[in-house]
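To start, the structure under review is shown below, and the notes come after it.
So you know, we letter chains A, B, ... as the sequences are listed, proteins then strands, and number each from 1. All values below come from the heavy atoms of this structure, side chains included, with hydrogens, waters and symmetry mates left out.
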2 protein chains.
Amino acid sequence: MNKPESPRTPLHDGVLERLRQMIIRCELQPGDRISEADLGRTFGVSRTPLREALKILSAEGLVDIRPHKGAIVADISMDEISETFALMSALELMAGPLVCERVSNIDLQMLDSLIQEMDACQLRNDLMTYFELNTEFHNRIIRLTGNSVLTQVYVDMFGKLQRARYRVNYDPQRWHESSTEHHWIMESLRARDGEELGVRLKEHNARTATAVVEGLKASSLANAQRD
Amino acid sequence: MNKPESPRTPLHDGVLERLRQMIIRCELQPGDRISEADLGRTFGVSRTPLREALKILSAEGLVDIRPHKGAIVADISMDEISETFALMSALELMAGPLVCERVSNIDLQMLDSLIQEMDACQLRNDLMTYFELNTEFHNRIIRLTGNSVLTQVYVDMFGKLQRARYRVNYDPQRWHESSTEHHWIMESLRARDGEELGVRLKEHNARTATAVVEGLKASSLANAQRD
DNA sequence: ATAACAAAGATTGCATACAAATATTGCCTT
DNA sequence: AAGGCAATATTTGTATGCAATCTTTGTTAT
């Protein structure tokens, strides 16, 4: 039915990735029940690999599994969003000095070109690609710490928040602000000022947090009125 | 065969917990292959729940699964240990002020009694219980931040490092130092001095890190000579 | 009409069976 | 004797079947 693809990659890996994307992109919304049989049919696989994928997503916090009652897409509360942003602030504060110790000119070039692409996205109003590039930008910076444990945690957090970002109607003004902040961040990087970089990353993060939380409040308010 | 226990808790949960403990306690050593059939026999379950547990442990980073080649207990490198300690330092620095804002006198009492128990363990040389109480002590402090995301990450990190702690022959002198540092930490808590608490937690952590890394170096050196 | 209960239906949890891939063993060749 | 190849054996990946649990629907009694 499907093309053979590569028989080397286990089936549940593909299922896992597809499910994760569906959840992050809000195609499956928080609270949605996940029927093993149904999803198995849509993916064309049996329940076994699907269950394995669900267990992993549960460990990642993207789904909740209630014994004998099935899996649902995990809800992410406003509190959890705020707490996650707060945690990321701490990680970025830690990252600043480490990154500046290790960042090379080639790294700077690479980040610059990412920013250029992001600016281009902004001009043609391509929010989706912007999100992906933005993720790439921030993850790369953290990866420059050379601390892979830190990076792993950061990337996970970013992924969890991505759902929230997709949900809010991004404010054009905030979008512009954000780009400016990116340029400031690059400045600190070029100056190799670790403390300053940490602070700027942290502040950028805090502003994004505010924007996302405000956006969510607004949209949930709109929903409440609609109901 | 087994007592009915509680039929409400899914089987793979029990398997998961037993496996996790076996890995943390180094009963299964890094690099050990995990045969699904074998482990299934020893636990008295089929491969299905076992595989689900393995997938979760893989997501937690305690085992590595290589497609078509089976699972092995994940190795934790010296680098990863150092990086994890560094990350925890950042988390503790962040935690300090947050904890001091929220800690109640009852919390202080509870932590005090934990310290008393730990001191007792030290007197009777009960390292195992000490480890458990120590874990409890630090996790509780972080939980007092009220940030559950931070707490989750911290607890995970602590668990990952627990393996390393179990492996090193704990230096009695370091044990004593550590107790003293715990008392300092309590002092900062009682004074509600958030900055100071953060720094003391961080320094305590850094010293533990040094002790563990040195201990591991020594024991791996001993192993190398033995071979 | 509403609430409580019961039985049918659907879904999850686990075990087993089979297919595909890898590891191992023994033989043959050089 | 050493290396390569082939056949066997073991192990993983997936599908399916059955039992236990939950959900839903329909009935009855208040």
Side-chain angles (χ1 to χ4, degrees), chain A residues 1-20 22-23 28-75, chain B residues 1-20 22-23 28-75:
Chain A
M1 193 185 297
N2 284 346
K3 57 183 174 183
E5 193 117 12
S6 68
R8 315 265 319 217
T9 61
L11 205 43
H12 63 257
D13 275 1
V15 171
L16 173 64
E17 202 46 46
R18 287 180 68 180
L19 254 178
R20 210 199 320 261
M22 285 176 76
I23 293 175
L28 290 174
Q29 298 221 349
D32 282 1
R33 278 199 71 240
I34 299 178
S35 159
E36 297 176 358
D38 281 357
L39 253 184
R41 258 188 299 278
T42 49
F43 284 159
V45 301
S46 83
R47 291 172 49 216
T48 308
L50 219 156
R51 281 175 62 84
E52 294 180 352
L54 283 176
K55 292 288 183 297
I56 294 174
L57 290 173
S58 167
E60 289 178 8
L62 288 180
V63 312
D64 285 337
I65 296 180
R66 298 154 312 167
H68 293 285
K69 286 185 152 196
I72 62 176
V73 177
D75 197 7
Chain B
M1 194 186 292
N2 282 348
K3 58 183 174 182
E5 194 117 10
S6 69
R8 315 269 317 218
T9 60
L11 205 41
H12 66 255
D13 275 3
V15 170
L16 172 65
E17 202 45 47
R18 287 181 69 179
L19 255 178
R20 208 200 320 261
M22 286 175 75
I23 293 175
L28 290 174
Q29 298 220 346
D32 282 1
R33 277 198 71 242
I34 298 177
S35 159
E36 298 175 357
D38 280 358
L39 254 185
R41 258 188 299 278
T42 49
F43 284 161
V45 302
S46 84
R47 289 173 51 216
T48 308
L50 220 158
R51 281 176 63 84
E52 295 180 351
L54 283 176
K55 291 286 182 298
I56 294 175
L57 289 173
S58 168
E60 290 178 8
L62 287 180
V63 311
D64 285 337
I65 296 181
R66 298 154 312 169
H68 293 286
K69 286 184 150 199
I72 62 175
V73 177
D75 199 5

Q. What is the bend of the helix from dA1(C)-dT30(D) to dT30(C)-dA1(D) when you compare the axis at one end with the axis at the other, using five pairs each and rounding to 10°?
A. 0°

**Q.** Distance, rounded to the nearest Å, where Arg41(B) contributes CZ and dT10(D) contributes P
**A.** 11 Å

Q. Of all residues at least two apart in sequence or in a different chain, which pass the side chain to side chain donor-acceptor pair (under 3.5 Å) check with Asp38(A)?
A. Arg41(A)

Q.
Base contacts versus sugar-phosphate-only contacts with protein, heavy atoms under 4.0 Å: please encode nucleotides 8-18 of chain C as B, S and - from 5' to 3'.
A. ---SBBSBBB-

**Q.** Those residues that, when tested against Glu36(B), pass side chain to side chain donor-acceptor pair (under 3.5 Å) (two or more places apart)
**A.** Arg47(B), Arg51(B)

**Q.** Ile23(B) vs Val63(B) side-chain heavy atoms within contact, under 4.5 Å
**A.** yes

(Q) Using every non-hydrogen atom in the two residues, find where Ile65(A) and Ala71(A) come nearest and quote the distance to one decimal. (A) CG1-CB, 4.0 Å

**Q.** Nearest-0.5 Å distance that lies between atom CD1 in Ile72(A) and atom OG in Ser35(A)
**A.** 14.0 Å

Q: Only pairs at least two apart or in different chains count here, so list each side chain to side chain donor-acceptor pair (under 3.5 Å) that has a residue in residues 55-64 of chain A.
A: Arg20(A)-Glu60(A)

Q. What's the shortest heavy-atom distance between Ile56(B) and Ala59(A), and which atoms?
A. CG2-CB, 4.1 Å

Q.
Rounding to an integer number of Å, can you tell me how far Ile72(B) CD1 sits from dT12(D) P?
A. 12 Å

**Q.** From Leu62(A) atom CG to Leu19(A) atom CG, the distance as rounded to the nearest 0.5 Å
**A.** 9.5 Å

